[in-house]
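Take a look at the structure below.
Computed from heavy atoms alone, side chains included, the values below leave out hydrogens, waters and symmetry copies. Just so you know, these numbers come straight off a predicted model, no measurement behind them. Residue numbering restarts at 1 for every chain, and letters A, B, ... go by the order of the sequence lines.
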Amino acid sequence: MSNIFTDTFAWLADPQQWSGSSGIAVRLAEHLQYTALVMLIASAIAVPIGLYVGHTGRGRVAVVAVAGALRALPTLGLLTLFVLLAGIGLMPPVWALVILTVPPLLAGTYAGVSSVDRNVVDAARAMGMTELQVLFRAEVPNGLQVMSGGFRTGILQVIATVSVVAYINLGGLGRYLFDGLVLSDFPQMLGGSLLIAGLAIAVDLILALFQRLFLSPGASAKPDRSQPAAVDLTDPVTAEAVVQGGTS
Amino acid sequence: MIVFENVTKRYQGGQPAVDALSMSIDKGAITVFVGPSGCGKTTSLRMINRMVEPSSGTITVAGRNVSQEPAARLRRSMGYVMQSSGLMPHRSVLDNIATVPRLNGVPKAAARKRAAELLDVVGLAPVLGKRYPSQLSGGQQQRVGVARALAADPPVLLMDEPFSAVDPVVRDELQQELLRLQRELAKTIVFVTHDIDEATVLGDKVAVFAVGGKLAQYAAPEEILRAPANDFVASFVGRDRGFRHLAFNAADAVRLHPVKMVQSAERTVADGGPGEWALVVDADGRPLGWSSPRDGTGLVPGGSLFHRGDTLRRALDAALSSPSGLGVAVDDDGRVAGVLKAAEVLALIEETRQNREERP
Amino acid sequence: MIVFENVTKRYQGGQPAVDALSMSIDKGAITVFVGPSGCGKTTSLRMINRMVEPSSGTITVAGRNVSQEPAARLRRSMGYVMQSSGLMPHRSVLDNIATVPRLNGVPKAAARKRAAELLDVVGLAPVLGKRYPSQLSGGQQQRVGVARALAADPPVLLMDEPFSAVDPVVRDELQQELLRLQRELAKTIVFVTHDIDEATVLGDKVAVFAVGGKLAQYAAPEEILRAPANDFVASFVGRDRGFRHLAFNAADAVRLHPVKMVQSAERTVADGGPGEWALVVDADGRPLGWSSPRDGTGLVPGGSLFHRGDTLRRALDAALSSPSGLGVAVDDDGRVAGVLKAAEVLALIEETRQNREERP
Amino acid sequence: GGASDPLGTAPATGGTATGSALVIGSADFPESQILAEVYAGALNSAGVTASTKPNIGSREVYFKAVQDGSVDIIPDYSGNLLLHVNKDAAEVSAEDIFKALPGKLPEGLAVLEPSKAENKDAMVVTKATAEKYQLKSIEDLAKVCSELVVGAPATFAERAYGLPGLKKNYNCVPKKLEPFSDGGGPLTVKALLTDQVQVADIYTTTPAIADNDLVVLPDPKNNFIAQQVLPLYSKAKMTDKARDALNNVSRILTTEDLINLNRAVSGDQKQNPKDAAAAWLKDKGIVK
Amino acid sequence: MGWFLANSGHVFDLAGQHLVLAILPMVFGLLISIPLAQFARQNSTLRSVVVTATSLLYTIPSLALFIILPSILATRILDPLNVVVALTIYAVALLVRAALDAFDSVDDDLRQAAVAMGYKPAARFVQIDLPLSLPVLFAGLRVVSVSNISLVSVAALLGIGNLGMLFTSGLQRDFVTEVVVGIIAILVLAVVMDAVLVLLERLLTPWSRASTKPAGGASA
Ligand SMILES: Nc1ncnc2c1ncn2[C@@H]1O[C@H](COP(=O)(O)OP(=O)(O)OP(=O)(O)O)[C@@H](O)[C@H]1O
Ligand SMILES: Nc1ncnc2c1ncn2[C@@H]1O[C@H](COP(=O)(O)OP(=O)(O)OP(=O)(O)O)[C@@H](O)[C@H]1O
Ligand SMILES: C[N+](C)(C)CC(=O)O
Ligand SMILES: [Mg+2]
Ligand SMILES: [Mg+2]
């Protein structure tokens, strides 16, 4: 049992595993492609709705309900359903993942916009900003902190769950889990898991860096929060708690 | 300049927040809306720049019906300052001040330059311009709020309890600063507060609102203190209105008497011999305290000081607070100019009252 | 009863928040700590019940060094009230009040019974006992906070700006209520505020703290207003201290004069003939306003009223705020008892001052 | 292994050999589940209490499950079972394989009599593909192998009969292996029909072969060795009564039965495996 | 519908197993997260370490965890314990954060008031901090509940009984109805669990429903 770990590292260190059409490099690239595609589609759906609801406060209840329902849909079930209905291919799994990702993005965007101090919004309006200006010059820049929290939660979920999607016949790092599983090849599975976790962490660190670089230090100054985590990996609950807390 | 005509605001299905308000706000003056919590002050103020739309009635600014103007443009023509400064946390102080000029299409560099000037106008150091709002104290934030409201040089300034979140000392400072600014700029300012003291200090005219959005009295502050229109106003104005009202009468006519003075350095046990209070002063003639008629050594702390140009209120307080019964008057350099007597101040007060009686 | 001996508190690596404080707090009296923000009032207060541990020095309560007592037990022996009422939102009002007795092991029923009594003591209706704190107004919450602090009948009550979050009218009420309670209960109360008015109204003794945690003056409020120990205290005490100080002198000796009165119902145009102000009263003899010497019909609003037992401050304000120059004095039923003249009040003030001068 | 089951959702697997209920496992494809139900039905009818634990996974997983006592019996296929326990086994015929098995199975495991029913992996193409490349048998694949994508379970890459076998026996190295997780099920068939893969590894008992007019390429080199259905069991809990009941099933079961059972479950009827098994058991008179 | 009626016993059976697999991790997750969060509150370094570490857990793919756990726990591959442990790990990843937020949501003045009244730390935690943090804690718990119920289905890939089996079986049999029934059943479970949690929260926090408007001044 102890040699599982040494075997895993041997597997990871083997240059042969990294090259070729089913090598780690290709799998990694596939994994990122799926993730990017899913995030793109999910953002295109969730962000405008989140901005609208956050800005106007209209449809809040509906959005919370829909986001909750989407969250309850099992990705594996959707995946099977879509594949059975539409056949194999790239898009059915992608849609299943999009449905998984919309709730955190929606919740994050909505919570981000509505987390902005109402006085700031009021002042913006009183200064003569149009509604769009209020949204993009006051609400979005100040809500970005929370919004990117939702985005990071979403992207982490996608990266982790793309692996489940390999169950059908997509590539990505999840292949190592399934191939390893049917063959009882534990080093391969463990290696695949480590790669996925590593990818998630790396992506999150990069996003954190972006956040630090592009977010106004004024907007992120949270004097009341004792201290943010060194690696603020994911904040799946807070953004959603803001949304959910409002309903109960 | 700003005219309310029979304006009523009713939020969804409730009692009126503002009830048939008709009033006319003077150009170039400070008009203060004051009243207890929930009486419709904010609502009235916000109807001026259409942050709230009236349920009925019309509001005109400089003769133009506000409801005919595009809301965003209307708002840019009026500065707005509120209790929580409402500064954009993600922008530097300079950029905050530059907001409205930027919305009006002023180039960035020019807007920043103007912002830097305004920083000086509101009495803030230039270095603060680069900070973020969260890095300023509450009082500084409010000054930035005022600067921002002034940036586009709007003729009208709407201020909703702008100073109520800062501590009393800073509030005093900000009030004086506002009065100083107003002397230079002569804007039409509508100022909301629930503090009657602030209202009487700042207002050229004061509108007292009663609960239910009714205008209870609208007059000069002096008149409101002297002659509250009804019990509601009287009780709102509070108990000390006799004293406070004195603040509206200059004490120029009060007589200053000479007083025995000793330089602190020259004092001996014998000084201020029995039966007479002597004022102890420093080398420049600034008052330090009193020397009691029975004790030449101890320094008795003095009362409040009366500065040349102060009001009857200060004059009387100076006399009443002095251990010798003699109020110390000082000149602009803080040097003793003489002493005043309570009885004489009172006589002056009575005279003022009788003059008022003669031309009511 | 509570003694600070050379107590210093330094939070991690900073300037002292409290600096070498030595003072002795009287048993059964209200001692007020007052001073600007950050001057160490709260820190000093909290060292008494060990919410904060001193860096050096000792504090004794009734002769026992607090640092020798188990903290939890010590705290249960002192009531504590703070600005935000600190009520437990998840417990009913009664259960909130019963907290400390319950911690002391009093059975639930007995603790609730005691809580119900206390509800009455602080002037709250019994029905409120079943509510949650969020269902009370701010003022009611503070009353519950006081009741809770009193529940275990502790000899000492620590109060940290308990009334600063409620509006001025309610604050007045709460202050009066506290004074009434204290007359009955005679606790040792340490009360923190940054409002010098509140300090002078409530305090048997007032400790003025200066920034840096230094005790600037510790004396009776009357003395602090009359003779501030230094410029800091004088400026902190503020400009109106001449008037405010008058609040410490009873006006029992002031002479009441008769005044011409007309019943409101009986007024005619001729009333109050030329040259004389007449007081318009209702059928019960309560003042309604003045009838001017030149106009028999109009009702001129009256000034503030002087109630029997009020201080010189009220007496003078009544005279100064009256349009006739005559302050209206009323008895306990609000009926006119006579009028008083400003000059006579002033004479009384001067007399008081001279008496003080004679026995310094 | 050895942690006790705290949930009670899995049937008890306690060590006493007599009288305790038997657990029949199954692999992660419908036929195996049907067979498990058939075994369980037959056992119950013979008075041996048996329950099923379907869908365990691939052989690597369920073999361990039998070893560690999670299940007691599982329907398996003789050839693949032998290859699983002996990677280098050279046996090809049904008899040889069955003979070789007992010697290779680990301590505590054994197999019962095999049935005539057989289900092997097979290389299947569409009629169009067969015509296009003139494919008569797997041997013909060799020439065009490098142009073709093979659809198969991921394990096909490693199995003796999989890519290694194709290369060794037929010198066929496909362009790509497209892995499918449905064990030659509907996805694989769909991929084949839509030409996403040109060759698919589909079990010979799959009704879809006949239903879609697919061509099973003959296997002259016996790359796909005999695969008779037979029960693999853990000796610990086997009783004579149970043994007789299972042997009785194996005596009756044919390949045709398998295809029909599969059609009942995966075809339009969508019978659940248990019902399909029950119907068959009744039909054959095993259950009255 | 017909298929569901014919197989309702089977579906309910799976739903039962599904529910057990979803609920146990929530309970264990809470039992672990609350003390962990309370421990992490001690200082900001500890806090960021704990938050970071638990967040990392969330990045492990569930499938990988189901597979790897047996070799770590020495459980059998089919042991539902693997699923329970894996989902407990995810629950902890979410709940530690939620619990920290929940404890932060308690007004510090209240804590001070409790200390000033002479509460000892343990009593204060149980009587003040815990009840008052319930609303935020429940918000987190509701997220975990939905997420767990959905994640349990992945365990079907390993043959561990739950509603996810309807997906694997539906896929192999090309049977959409079965998959749809599975999805709906999971949705129903999630909704029911959510309703139960909301109800539970209401029962546990009667004060939060009290109207915040002071109803009529009844002070004397
Ligand atoms: N957006 C709103 N919707 C409904 N009612 C409102 C709204 N804004 C204000 N009100 C109600 O209208 C009345 C007047 O409110 P307004 O804010 O104008 O009072 P205010 O005098 O400014 O009080 P304060 O001193 O507390 O700021 C109040 O009863 C308030 O509850
Ligand atoms: N827990 C703490 N850690 C570090 N510094 C503190 C702490 N509490 C108070 N201080 C500092 O000690 C000084 C005195 O604080 P304290 O709260 O006693 O003042 P205060 O007189 O009560 O002020 P306020 O009127 O604002 O309540 C301040 O400079 C404050 O910043
Ligand atoms: C790791 N997650 C639990 C986030 C997702 C999954 O693997 O299904
Ligand atoms: Mg307002
Ligand atoms: Mg304090």
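Checked by atom type and distance alone, the side chain of His90(B) pairs as donor or acceptor with a backbone atom of Arg137(A) at under 3.5 Å. Side-chain N or O atoms of Arg75(B) include none that pairs as donor or acceptor with a backbone N or O of Met127(A) at under 3.5 Å.
Identified by a heavy-atom distance below 4.5 Å to chain A, the contributing residues of residues 97-105 of chain B are Thr99(B), Val100(B), Leu103(B), in residue-number order. Against chain B, no residue from residues 25-45 of chain A qualifies, as none has a non-hydrogen atom under 4.5 angstrom away.
Interface remark: Arg46(B) contributes side-chain atoms only to the contact with chain A (heavy atom separation under 4.5 Å). There is no contact between Arg131(B) and chain A, counting heavy-atom distances below 4.5 Å. In this structure, the portion of Gln133(A) lying under 4.5 Å from any heavy atom of chain B is its side chain and not its backbone.
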Going by atom type alone, with no hydrogens or angles, which donor-acceptor pairs under 3.5 Å involve a side-chain atom of residues 151-161 of chain B and a protein atom two or more places apart or on another chain?
from      : atom 1 : to        : atom 2 : distance (Å)
Asp153(B) : OD1    : Lys187(B) : NZ     : 2.5
Asp160(B) : OD1    : Thr42(B)  : OG1    : 3.4
Asp160(B) : OD2    : Thr42(B)  : OG1    : 3.0
Glu161(B) : OE1    : Ser164(B) : OG     : 3.4
Glu161(B) : OE1    : His194(B) : ND1    : 3.2
Glu161(B) : OE2    : His194(B) : ND1    : 3.4

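Around CZ of Phe210(A), the count of heavy atoms belonging to other residues, nucleotides or ligands within 6.0 Å does not exceed 12. The environment of Glu184(B) atom CD is dense: over 12 non-hydrogen atoms of other residues, nucleotides or ligands sit within 6.0 angstrom.
Put simply, the residue from Val120(A), Asp117(A), Val116(A) that forms a side-chain contact (heavy atoms from CB on, under 4.5 Å) with Met88(B) is Val120(A).
Minimum heavy-atom separation, Gly86(B) to Ala123(A): O-CB, 3.3 Å. Asn49(B) approaches Ala126(A) most closely through the heavy-atom pair ND2-O, 4.0 Å.
Applying the side-chain hydrogen bond (donor to acceptor under 3.5 Å, both in side chains) criterion to Gln68(B), with sequence neighbours excluded, gives no partner residue.
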